[in-house]
Protein chains: 2
Amino acid sequence: MLDTSTHVTDCSSDLAAKLRDAIISGRFMPNERLIEADLANAYKVNRANVRIALAMLDQEGLVVRERNRGARVRLVTDEEALEIAEARRVIEAMVARQAAERANDRQKAALRALMARMRAAYEKQDFNSYSQRNVEMHRAIQDIAANATANRLLQTLKSQVVRLQYRAILQSGRPAKSLAEHGEIVDAICANDAPAAESAMRRHLCAVKNALRQAMQAAKQGAY
Amino acid sequence: MLDTSTHVTDCSSDLAAKLRDAIISGRFMPNERLIEADLANAYKVNRANVRIALAMLDQEGLVVRERNRGARVRLVTDEEALEIAEARRVIEAMVARQAAERANDRQKAALRALMARMRAAYEKQDFNSYSQRNVEMHRAIQDIAANATANRLLQTLKSQVVRLQYRAILQSGRPAKSLAEHGEIVDAICANDAPAAESAMRRHLCAVKNALRQAMQAAKQGAY
DNA sequence: GACGATCAGATTGTCAACAATCCGGTCAGC
DNA sequence: GCTGACCGGATTGTTGACAATCTGATCGTC
(Lines give C-alpha, C1' and ligand atoms only; values in the text may rest on other atoms or scores of the structure.)
Protein backbone atom coordinates (compact mmCIF):
# COMPACT_ATOMS: atom_id res chain seq x y z
CA MET A 1 0.00 0.00 0.00
CA LEU A 2 0.86 3.60 -0.44
CA ASP A 3 3.09 4.60 2.41
CA THR A 4 4.63 7.97 1.96
CA SER A 5 4.64 8.95 5.61
CA THR A 6 7.75 9.31 7.68
CA HIS A 7 8.59 5.96 9.19
CA VAL A 8 9.81 7.58 12.38
CA THR A 9 7.21 6.99 15.06
CA ASP A 10 8.56 10.05 16.73
CA CYS A 11 6.35 12.13 18.95
CA SER A 12 6.95 15.17 16.77
CA SER A 13 6.22 13.26 13.57
CA ASP A 14 3.04 11.98 15.15
CA LEU A 15 2.00 15.48 15.94
CA ALA A 16 2.95 16.65 12.47
CA ALA A 17 0.63 14.00 11.04
CA LYS A 18 -2.23 15.11 13.25
CA LEU A 19 -1.71 18.75 12.41
CA ARG A 20 -1.44 17.93 8.72
CA ASP A 21 -4.72 16.13 8.93
CA ALA A 22 -6.33 19.02 10.77
CA ILE A 23 -5.12 21.53 8.20
CA ILE A 24 -6.10 19.41 5.22
CA SER A 25 -9.54 18.66 6.58
CA GLY A 26 -10.05 22.34 7.24
CA ARG A 27 -10.19 22.30 11.01
CA PHE A 28 -7.64 25.08 10.85
CA MET A 29 -8.48 27.87 8.48
CA PRO A 30 -5.95 29.38 6.05
CA ASN A 31 -3.95 32.14 7.72
CA GLU A 32 -5.03 30.96 11.14
CA ARG A 33 -2.27 31.34 13.67
CA LEU A 34 -0.88 28.15 15.13
CA ILE A 35 0.23 29.01 18.63
CA GLU A 36 2.81 26.67 20.06
CA ALA A 37 1.57 26.68 23.63
CA ASP A 38 -2.02 26.08 22.59
CA LEU A 39 -1.11 23.18 20.34
CA ALA A 40 1.13 21.69 22.99
CA ASN A 41 -1.74 21.87 25.39
CA ALA A 42 -4.38 20.58 22.99
CA TYR A 43 -2.36 17.60 21.81
CA LYS A 44 -0.72 16.92 25.15
CA VAL A 45 2.83 17.15 23.91
CA ASN A 46 5.79 19.30 24.68
CA ARG A 47 6.31 22.65 23.07
CA ALA A 48 9.62 21.49 21.64
CA ASN A 49 7.78 18.85 19.69
CA VAL A 50 5.25 21.37 18.48
CA ARG A 51 8.08 23.47 17.17
CA ILE A 52 9.55 20.54 15.31
CA ALA A 53 6.21 19.54 13.85
CA LEU A 54 5.60 23.08 12.65
CA ALA A 55 9.03 23.21 11.06
CA MET A 56 8.23 20.00 9.19
CA LEU A 57 4.90 21.30 7.97
CA ASP A 58 6.63 24.50 6.92
CA GLN A 59 9.08 22.47 4.85
CA GLU A 60 6.06 20.66 3.44
CA GLY A 61 4.39 23.89 2.42
CA LEU A 62 1.32 23.59 4.60
CA VAL A 63 2.43 26.21 7.07
CA VAL A 64 4.46 29.41 6.94
CA ARG A 65 6.65 30.57 9.76
CA GLU A 66 8.02 34.03 10.41
CA ARG A 67 10.71 34.77 12.89
CA ASN A 68 9.34 35.81 16.26
CA ARG A 69 5.84 35.70 14.86
CA GLY A 70 5.14 32.03 14.88
CA ALA A 71 3.39 29.85 12.35
CA ARG A 72 0.15 30.12 10.47
CA VAL A 73 -1.71 27.94 8.03
CA ARG A 74 -0.48 28.75 4.58
CA LEU A 75 -2.95 30.29 2.21
CA VAL A 76 -2.33 29.05 -1.30
CA THR A 77 -3.19 31.65 -3.90
CA ASP A 78 -5.22 30.82 -7.00
CA GLU A 79 -2.12 31.25 -9.10
CA GLU A 80 -0.26 28.80 -6.91
CA ALA A 81 -3.09 26.31 -7.04
CA LEU A 82 -2.79 26.28 -10.82
CA GLU A 83 0.96 25.79 -10.60
CA ILE A 84 0.37 22.87 -8.30
CA ALA A 85 -2.28 21.40 -10.58
CA GLU A 86 0.10 21.65 -13.49
CA ALA A 87 2.96 19.99 -11.63
CA ARG A 88 0.62 17.29 -10.45
CA ARG A 89 -0.49 16.73 -14.00
CA VAL A 90 2.94 15.92 -15.40
CA ILE A 91 3.92 13.75 -12.47
CA GLU A 92 0.71 11.81 -12.41
CA ALA A 93 0.88 11.29 -16.16
CA MET A 94 4.27 9.69 -15.62
CA VAL A 95 2.80 7.57 -12.85
CA ALA A 96 0.00 6.40 -15.13
CA ARG A 97 2.55 5.40 -17.73
CA GLN A 98 4.54 3.41 -15.21
CA ALA A 99 1.36 1.83 -13.89
CA ALA A 100 0.51 0.68 -17.41
CA GLU A 101 3.97 -0.81 -17.74
CA ARG A 102 3.74 -2.69 -14.48
CA ALA A 103 0.11 -3.64 -13.89
CA ASN A 104 -0.54 -7.34 -13.30
CA ASP A 105 -3.86 -9.14 -13.64
CA ARG A 106 -4.88 -8.81 -10.02
CA GLN A 107 -4.20 -5.09 -10.09
CA LYS A 108 -6.11 -4.67 -13.31
CA ALA A 109 -9.10 -6.44 -11.82
CA ALA A 110 -8.96 -4.14 -8.81
CA LEU A 111 -8.91 -1.10 -11.06
CA ARG A 112 -11.91 -2.35 -13.00
CA ALA A 113 -13.81 -3.03 -9.81
CA LEU A 114 -13.06 0.45 -8.59
CA MET A 115 -14.20 1.84 -11.91
CA ALA A 116 -17.49 0.01 -11.56
CA ARG A 117 -18.00 1.54 -8.15
CA MET A 118 -17.26 4.99 -9.54
CA ARG A 119 -19.87 4.43 -12.22
CA ALA A 120 -22.38 3.23 -9.65
CA ALA A 121 -21.78 6.29 -7.49
CA TYR A 122 -22.21 8.50 -10.54
CA GLU A 123 -25.47 6.83 -11.51
CA LYS A 124 -26.82 7.22 -8.02
CA GLN A 125 -25.78 10.89 -8.22
CA ASP A 126 -23.90 10.32 -4.99
CA PHE A 127 -21.14 12.82 -5.54
CA ASN A 128 -19.72 12.42 -2.09
CA SER A 129 -19.08 8.79 -2.77
CA TYR A 130 -17.91 9.61 -6.27
CA SER A 131 -15.33 12.01 -4.93
CA GLN A 132 -14.12 9.38 -2.51
CA ARG A 133 -13.79 6.73 -5.24
CA ASN A 134 -11.99 9.28 -7.34
CA VAL A 135 -9.33 9.65 -4.68
CA GLU A 136 -9.10 5.89 -4.30
CA MET A 137 -8.68 5.44 -8.01
CA HIS A 138 -5.73 7.78 -8.20
CA ARG A 139 -4.15 6.14 -5.20
CA ALA A 140 -4.66 2.71 -6.71
CA ILE A 141 -2.85 3.80 -9.85
CA GLN A 142 -0.04 5.22 -7.75
CA ASP A 143 0.21 1.94 -5.89
CA ILE A 144 0.60 0.05 -9.14
CA ALA A 145 3.29 2.37 -10.41
CA ALA A 146 5.13 1.82 -7.12
CA ASN A 147 7.23 4.91 -7.61
CA ALA A 148 7.95 6.07 -4.07
CA THR A 149 9.50 9.34 -5.15
CA ALA A 150 6.59 10.34 -7.34
CA ASN A 151 4.10 9.26 -4.70
CA ARG A 152 5.79 11.42 -2.12
CA LEU A 153 5.73 14.43 -4.40
CA LEU A 154 2.08 13.88 -5.27
CA GLN A 155 1.06 13.53 -1.67
CA THR A 156 2.70 16.83 -0.84
CA LEU A 157 1.19 18.60 -3.82
CA LYS A 158 -2.30 17.26 -3.28
CA SER A 159 -2.31 18.07 0.42
CA GLN A 160 -1.80 21.72 -0.45
CA VAL A 161 -4.89 21.99 -2.58
CA VAL A 162 -7.40 19.40 -1.38
CA ARG A 163 -9.73 22.06 -0.12
CA LEU A 164 -9.92 23.66 -3.53
CA GLN A 165 -10.55 20.41 -5.38
CA TYR A 166 -14.06 20.15 -4.03
CA ARG A 167 -15.09 23.14 -6.07
CA ALA A 168 -13.74 21.68 -9.27
CA ILE A 169 -15.83 18.54 -8.93
CA LEU A 170 -19.00 20.55 -8.61
CA GLN A 171 -18.77 22.12 -12.07
CA SER A 172 -21.84 21.27 -14.10
CA GLY A 173 -21.25 18.37 -16.47
CA ARG A 174 -17.89 17.66 -14.86
CA PRO A 175 -18.75 14.29 -13.25
CA ALA A 176 -19.88 12.77 -16.54
CA LYS A 177 -16.68 13.83 -18.27
CA SER A 178 -14.60 12.79 -15.29
CA LEU A 179 -16.13 9.32 -15.39
CA ALA A 180 -15.33 8.95 -19.07
CA GLU A 181 -11.77 10.18 -18.55
CA HIS A 182 -11.16 7.69 -15.77
CA GLY A 183 -12.57 4.97 -17.98
CA GLU A 184 -9.98 5.77 -20.64
CA ILE A 185 -7.17 5.75 -18.11
CA VAL A 186 -8.23 2.40 -16.67
CA ASP A 187 -8.63 0.89 -20.12
CA ALA A 188 -5.18 1.99 -21.16
CA ILE A 189 -3.56 0.67 -18.01
CA CYS A 190 -5.40 -2.63 -18.30
CA ALA A 191 -4.17 -2.93 -21.86
CA ASN A 192 -0.64 -2.21 -20.65
CA ASP A 193 -0.61 0.61 -23.15
CA ALA A 194 1.81 3.01 -21.49
CA PRO A 195 1.65 5.92 -23.96
CA ALA A 196 -2.15 5.81 -23.99
CA ALA A 197 -2.27 5.75 -20.21
CA GLU A 198 0.06 8.71 -19.99
CA SER A 199 -1.88 10.81 -22.45
CA ALA A 200 -5.24 9.83 -20.98
CA MET A 201 -4.06 10.96 -17.56
CA ARG A 202 -2.66 14.14 -19.07
CA ARG A 203 -5.99 14.91 -20.66
CA HIS A 204 -7.85 14.08 -17.48
CA LEU A 205 -5.78 16.36 -15.30
CA CYS A 206 -5.84 19.08 -17.90
CA ALA A 207 -9.61 18.97 -17.67
CA VAL A 208 -9.39 19.00 -13.89
CA LYS A 209 -7.15 22.02 -14.03
CA ASN A 210 -9.54 23.84 -16.34
CA ALA A 211 -12.46 22.99 -14.07
CA LEU A 212 -10.46 24.33 -11.16
CA ARG A 213 -9.70 27.52 -13.03
CA GLN A 214 -13.34 28.03 -13.90
CA ALA A 215 -14.41 27.34 -10.34
CA MET A 216 -11.92 29.90 -9.09
CA GLN A 217 -13.11 32.51 -11.56
CA ALA A 218 -16.71 31.85 -10.63
CA ALA A 219 -15.81 32.29 -6.97
CA LYS A 220 -14.08 35.56 -7.80
CA GLN A 221 -17.13 36.82 -9.71
CA GLY A 222 -19.33 35.84 -6.81
CA ALA A 223 -17.27 38.00 -4.50
CA TYR A 224 -18.32 41.20 -6.25
CA MET B 1 16.31 35.15 -9.27
CA LEU B 2 15.53 31.69 -8.16
CA ASP B 3 14.55 31.83 -4.54
CA THR B 4 13.19 28.58 -3.29
CA SER B 5 14.62 28.82 0.19
CA THR B 6 12.54 29.32 3.28
CA HIS B 7 12.13 33.03 3.82
CA VAL B 8 12.33 32.59 7.56
CA THR B 9 15.69 33.86 8.73
CA ASP B 10 15.30 31.57 11.65
CA CYS B 11 18.32 30.20 13.41
CA SER B 12 17.16 26.66 12.74
CA SER B 13 16.49 27.36 9.06
CA ASP B 14 19.91 28.92 8.82
CA LEU B 15 21.43 25.82 10.25
CA ALA B 16 19.34 23.64 7.96
CA ALA B 17 20.72 25.53 5.00
CA LYS B 18 24.28 25.04 6.19
CA LEU B 19 23.75 21.36 6.81
CA ARG B 20 22.05 20.95 3.46
CA ASP B 21 25.03 22.51 1.83
CA ALA B 22 27.40 20.28 3.74
CA ILE B 23 25.50 17.15 2.77
CA ILE B 24 25.12 18.12 -0.86
CA SER B 25 28.75 19.05 -1.23
CA GLY B 26 29.73 15.77 0.33
CA ARG B 27 31.30 17.03 3.53
CA PHE B 28 29.07 14.51 5.25
CA MET B 29 29.13 11.03 3.80
CA PRO B 30 26.00 8.97 3.11
CA ASN B 31 24.98 7.05 6.20
CA GLU B 32 27.17 9.19 8.37
CA ARG B 33 25.62 9.83 11.73
CA LEU B 34 24.69 13.41 12.51
CA ILE B 35 25.07 13.83 16.23
CA GLU B 36 23.07 16.65 17.71
CA ALA B 37 25.56 17.72 20.32
CA ASP B 38 28.44 17.73 17.85
CA LEU B 39 26.53 19.79 15.32
CA ALA B 40 25.36 22.19 18.01
CA ASN B 41 28.93 22.63 19.04
CA ALA B 42 30.35 22.90 15.54
CA TYR B 43 27.83 25.46 14.33
CA LYS B 44 27.53 27.27 17.65
CA VAL B 45 23.81 26.88 17.99
CA ASN B 46 21.51 25.30 20.49
CA ARG B 47 20.69 21.64 20.35
CA ALA B 48 17.00 22.47 20.01
CA ASN B 49 17.77 24.21 16.76
CA VAL B 50 19.83 21.29 15.57
CA ARG B 51 16.85 19.05 16.18
CA ILE B 52 14.58 21.30 14.19
CA ALA B 53 17.04 21.56 11.33
CA LEU B 54 17.41 17.80 11.20
CA ALA B 55 13.64 17.36 11.17
CA MET B 56 13.45 19.73 8.21
CA LEU B 57 16.16 17.90 6.31
CA ASP B 58 14.38 14.66 7.07
CA GLN B 59 11.20 16.05 5.56
CA GLU B 60 13.31 17.10 2.62
CA GLY B 61 14.68 13.63 2.12
CA LEU B 62 18.33 14.44 2.76
CA VAL B 63 18.43 12.83 6.17
CA VAL B 64 16.73 9.90 7.86
CA ARG B 65 15.86 9.87 11.52
CA GLU B 66 15.09 6.90 13.70
CA ARG B 67 13.59 7.22 17.11
CA ASN B 68 16.21 7.22 19.83
CA ARG B 69 18.90 6.62 17.26
CA GLY B 70 19.29 10.05 15.83
CA ALA B 71 19.80 11.18 12.28
CA ARG B 72 22.08 10.10 9.49
CA VAL B 73 22.71 11.27 5.98
CA ARG B 74 20.33 9.44 3.72
CA LEU B 75 21.82 7.05 1.22
CA VAL B 76 19.84 7.11 -1.99
CA THR B 77 19.81 3.77 -3.74
CA ASP B 78 20.46 3.42 -7.44
CA GLU B 79 16.83 2.54 -7.98
CA GLU B 80 15.78 5.67 -6.18
CA ALA B 81 18.21 7.80 -8.14
CA LEU B 82 16.51 6.65 -11.33
CA GLU B 83 13.09 7.43 -9.89
CA ILE B 84 14.30 10.88 -9.03
CA ALA B 85 15.83 11.38 -12.47
CA GLU B 86 12.54 10.35 -14.05
CA ALA B 87 10.50 12.71 -11.88
CA ARG B 88 12.93 15.48 -12.57
CA ARG B 89 12.58 14.81 -16.26
CA VAL B 90 8.84 15.37 -16.46
CA ILE B 91 8.89 18.42 -14.23
CA GLU B 92 11.77 20.06 -15.98
CA ALA B 93 10.18 19.37 -19.36
CA MET B 94 7.15 21.27 -18.13
CA VAL B 95 9.40 24.06 -16.94
CA ALA B 96 11.08 24.27 -20.35
CA ARG B 97 7.67 24.54 -21.99
CA GLN B 98 6.65 27.36 -19.68
CA ALA B 99 9.98 29.07 -20.21
CA ALA B 100 9.38 28.98 -23.95
CA GLU B 101 5.96 30.51 -23.42
CA ARG B 102 7.26 33.32 -21.25
CA ALA B 103 10.79 34.17 -22.40
CA ASN B 104 11.36 37.82 -23.30
CA ASP B 105 14.20 39.19 -25.38
CA ARG B 106 16.51 39.96 -22.49
CA GLN B 107 16.11 36.46 -21.15
CA LYS B 108 16.71 34.93 -24.53
CA ALA B 109 19.93 36.90 -24.89
CA ALA B 110 21.05 35.66 -21.47
CA LEU B 111 20.36 32.08 -22.48
CA ARG B 112 22.33 32.47 -25.67
CA ALA B 113 25.24 34.01 -23.81
CA LEU B 114 25.23 31.14 -21.37
CA MET B 115 25.12 28.70 -24.24
CA ALA B 116 28.20 30.35 -25.72
CA ARG B 117 30.03 29.95 -22.45
CA MET B 118 29.05 26.29 -22.31
CA ARG B 119 30.43 25.80 -25.77
CA ALA B 120 33.64 27.59 -24.85
CA ALA B 121 34.09 25.39 -21.80
CA TYR B 122 33.49 22.34 -23.92
CA GLU B 123 36.03 23.38 -26.49
CA LYS B 124 38.59 24.05 -23.80
CA GLN B 125 37.79 20.58 -22.44
CA ASP B 126 37.21 22.28 -19.10
CA PHE B 127 34.61 19.88 -17.78
CA ASN B 128 34.53 21.45 -14.37
CA SER B 129 33.49 24.72 -15.87
CA TYR B 130 31.16 22.91 -18.23
CA SER B 131 29.39 21.22 -15.35
CA GLN B 132 29.02 24.56 -13.62
CA ARG B 133 27.55 26.21 -16.72
CA ASN B 134 25.24 23.25 -17.08
CA VAL B 135 23.78 23.92 -13.66
CA GLU B 136 23.49 27.61 -14.42
CA MET B 137 21.69 26.88 -17.65
CA HIS B 138 19.04 24.79 -15.99
CA ARG B 139 18.58 27.39 -13.30
CA ALA B 140 18.29 30.13 -15.89
CA ILE B 141 15.52 28.22 -17.62
CA GLN B 142 13.78 27.72 -14.30
CA ASP B 143 14.04 31.43 -13.62
CA ILE B 144 12.35 32.21 -16.92
CA ALA B 145 9.52 29.79 -16.29
CA ALA B 146 9.01 31.47 -12.91
CA ASN B 147 7.06 28.52 -11.59
CA ALA B 148 7.80 28.61 -7.88
CA THR B 149 6.17 25.26 -7.18
CA ALA B 150 8.11 23.44 -9.87
CA ASN B 151 11.32 25.14 -8.84
CA ARG B 152 10.86 24.03 -5.27
CA LEU B 153 10.26 20.46 -6.33
CA LEU B 154 13.27 20.47 -8.62
CA GLN B 155 15.55 21.88 -5.97
CA THR B 156 14.55 19.12 -3.58
CA LEU B 157 14.95 16.41 -6.18
CA LYS B 158 18.30 17.62 -7.43
CA SER B 159 19.73 18.04 -3.98
CA GLN B 160 19.19 14.35 -3.38
CA VAL B 161 21.26 13.21 -6.31
CA VAL B 162 23.86 15.87 -7.02
CA ARG B 163 26.68 13.61 -5.95
CA LEU B 164 25.67 10.98 -8.49
CA GLN B 165 25.35 13.44 -11.34
CA TYR B 166 29.09 13.88 -11.56
CA ARG B 167 29.47 10.33 -12.75
CA ALA B 168 26.90 10.78 -15.52
CA ILE B 169 28.79 13.73 -16.98
CA LEU B 170 31.97 11.71 -17.23
CA GLN B 171 30.55 9.15 -19.66
CA SER B 172 32.58 9.13 -22.83
CA GLY B 173 30.96 11.15 -25.58
CA ARG B 174 28.42 12.56 -23.17
CA PRO B 175 29.63 16.18 -23.14
CA ALA B 176 29.35 16.49 -26.91
CA LYS B 177 25.80 15.17 -26.90
CA SER B 178 24.94 17.24 -23.87
CA LEU B 179 26.10 20.38 -25.62
CA ALA B 180 23.96 19.62 -28.66
CA GLU B 181 20.93 18.86 -26.50
CA HIS B 182 21.25 22.12 -24.63
CA GLY B 183 21.56 23.89 -27.94
CA GLU B 184 18.23 22.48 -29.06
CA ILE B 185 16.57 23.49 -25.83
CA VAL B 186 17.87 27.04 -26.01
CA ASP B 187 16.86 27.36 -29.64
CA ALA B 188 13.34 26.17 -28.90
CA ILE B 189 12.93 28.55 -25.99
CA CYS B 190 14.33 31.46 -27.97
CA ALA B 191 11.85 30.67 -30.73
CA ASN B 192 9.07 30.62 -28.11
CA ASP B 193 8.28 27.16 -29.41
CA ALA B 194 6.81 25.56 -26.30
CA PRO B 195 6.22 22.02 -27.58
CA ALA B 196 9.73 21.86 -29.05
CA ALA B 197 11.25 23.11 -25.81
CA GLU B 198 9.35 20.54 -23.82
CA SER B 199 10.35 17.64 -26.02
CA ALA B 200 13.95 18.83 -26.30
CA MET B 201 14.20 18.93 -22.51
CA ARG B 202 12.55 15.53 -22.30
CA ARG B 203 15.09 14.08 -24.67
CA HIS B 204 17.95 15.75 -22.86
CA LEU B 205 16.98 14.42 -19.45
CA CYS B 206 16.23 11.01 -20.90
CA ALA B 207 19.80 10.95 -22.13
CA VAL B 208 21.03 12.13 -18.73
CA LYS B 209 19.08 9.38 -17.07
CA ASN B 210 20.55 6.78 -19.40
CA ALA B 211 24.03 8.10 -18.79
CA LEU B 212 23.36 7.89 -15.08
CA ARG B 213 22.15 4.33 -15.42
CA GLN B 214 25.23 3.33 -17.37
CA ALA B 215 27.51 5.05 -14.89
CA MET B 216 25.83 3.17 -12.06
CA GLN B 217 26.17 -0.16 -13.83
CA ALA B 218 29.79 0.54 -14.58
CA ALA B 219 30.36 1.35 -10.92
CA LYS B 220 28.66 -1.89 -9.93
CA GLN B 221 30.81 -3.90 -12.34
CA GLY B 222 33.89 -2.20 -11.01
CA ALA B 223 33.03 -3.34 -7.51
CA TYR B 224 33.53 -7.02 -8.39
C1' DG C 1 -9.21 63.90 16.68
C1' DA C 2 -4.53 62.33 15.02
C1' DC C 3 -0.10 60.95 16.19
C1' DG C 4 3.57 58.89 18.58
C1' DA C 5 5.67 57.11 23.06
C1' DT C 6 5.09 53.76 26.43
C1' DC C 7 3.69 49.83 28.77
C1' DA C 8 1.60 45.04 29.72
C1' DG C 9 0.37 40.69 27.98
C1' DA C 10 1.07 37.21 24.83
C1' DT C 11 4.09 34.55 22.20
C1' DT C 12 8.28 32.85 20.43
C1' DG C 13 13.43 31.89 21.04
C1' DT C 14 17.13 30.02 23.94
C1' DC C 15 19.14 27.35 27.27
C1' DA C 16 20.65 23.87 30.63
C1' DA C 17 19.54 20.08 33.32
C1' DC C 18 17.57 15.64 33.74
C1' DA C 19 15.41 11.16 32.12
C1' DA C 20 15.14 7.48 28.82
C1' DT C 21 17.22 4.77 25.49
C1' DC C 22 20.66 2.63 22.78
C1' DC C 23 25.22 0.54 21.80
C1' DG C 24 29.42 -1.58 22.67
C1' DG C 25 32.17 -4.26 25.48
C1' DT C 26 32.76 -7.43 29.55
C1' DC C 27 32.13 -11.26 32.08
C1' DA C 28 29.88 -15.45 34.04
C1' DG C 29 28.03 -19.86 32.84
C1' DC C 30 27.74 -23.73 29.92
C1' DG D 1 34.80 -21.14 22.45
C1' DC D 2 29.97 -19.67 22.40
C1' DT D 3 25.81 -17.58 24.40
C1' DG D 4 23.44 -14.41 26.86
C1' DA D 5 22.97 -11.20 30.95
C1' DC D 6 24.71 -6.97 32.37
C1' DC D 7 26.88 -2.57 32.82
C1' DG D 8 28.79 2.17 31.53
C1' DG D 9 29.36 5.68 28.20
C1' DA D 10 27.22 8.01 24.53
C1' DT D 11 23.29 9.94 22.56
C1' DT D 12 18.63 11.23 22.11
C1' DG D 13 14.11 12.71 24.27
C1' DT D 14 11.70 15.74 27.64
C1' DT D 15 10.91 19.36 30.60
C1' DG D 16 10.68 23.87 32.71
C1' DA D 17 12.52 28.27 33.30
C1' DC D 18 14.02 32.47 31.50
C1' DA D 19 15.12 36.03 27.81
C1' DA D 20 13.82 38.40 23.63
C1' DT D 21 10.40 40.01 20.72
C1' DC D 22 6.04 41.27 19.00
C1' DT D 23 1.20 43.12 19.36
C1' DG D 24 -2.33 45.84 20.82
C1' DA D 25 -3.99 49.14 24.11
C1' DT D 26 -3.45 53.24 26.76
C1' DC D 27 -2.22 57.72 27.44
C1' DG D 28 -0.34 62.30 26.79
C1' DT D 29 0.63 65.86 23.53
C1' DC D 30 -0.20 68.70 19.64
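Every heavy atom of this structure was used, including side-chain atoms; hydrogens, water molecules and symmetry mates were not. So you know, we letter chains A, B, ... as the sequences are listed, proteins then strands, and number each from 1. Since this is a predicted model, take the numbers as computed values, not measurements.
- With sequence neighbours excluded, the residues satisfying side chain to side chain contact (heavy atoms under 4.5 Å, CB included) with B:A22 are B:R27, B:F28, B:Y43.
- Screening residues 128-151 of chain A for ring pair (Phe, Tyr, Trp, His ring centres under 6.0 Å), with sequence neighbours left out, gives A:H138-A:H182, A:H138-A:H204.
- Listed by chain and residue number, nothing satisfies the side-chain hydrogen bond (donor to acceptor under 3.5 Å, both in side chains) test with A:R69 (two or more places apart in sequence, or in another chain).
- Residues that satisfy the side-chain hydrogen bond (donor to acceptor under 3.5 Å, both in side chains) test with A:D126, not counting sequence neighbours, are absent from this structure.
- Within the helix from C:dG1-D:dC30 to C:dC30-D:dG1, the inter-axis angle between the opening and closing five-pair segments is 0°, rounded to 10°.
- You can see that DNA chain C meets the heavy atoms of chain B within a 4.0 Å-exclusive cut from C:dT14 to C:dC23, reading 5' to 3'.
- The residues A:E181 and A:R174 are annotated as salt-bridged, a charged nitrogen and a carboxylate oxygen being separated by less than 4.0 angstrom.
- Under the rule for a salt bridge (Lys or Arg N to Asp or Glu O under 4.0 Å), A:E83 has no partner lying at least two apart in sequence or in another chain.
- Listed by chain and residue number, B:I189, B:A194, B:A197 satisfy the side chain to side chain contact (heavy atoms under 4.5 Å, CB included) test with B:A100 (two or more places apart in sequence, or in another chain).
- In this structure B:R133 satisfies the side-chain hydrogen bond (donor to acceptor under 3.5 Å, both in side chains) test together with B:E136, sequence neighbours excluded.
- B:S159 meets the side-chain hydrogen bond (donor to acceptor under 3.5 Å, both in side chains) test with no other residue; sequence neighbours excluded.
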Q: Assign a letter to each nucleotide of nucleotides 9-23 of chain D from its 5' end: B, base within under 4.0 Å of a protein heavy atom; S, sugar-phosphate only; -, no contact.
A: --SBBBB-----SSS
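- Applying the salt bridge (Lys or Arg N to Asp or Glu O under 4.0 Å) rule to pairs touching residues 204-218 of chain B yields B:E86-B:K209, sequence neighbours excluded.
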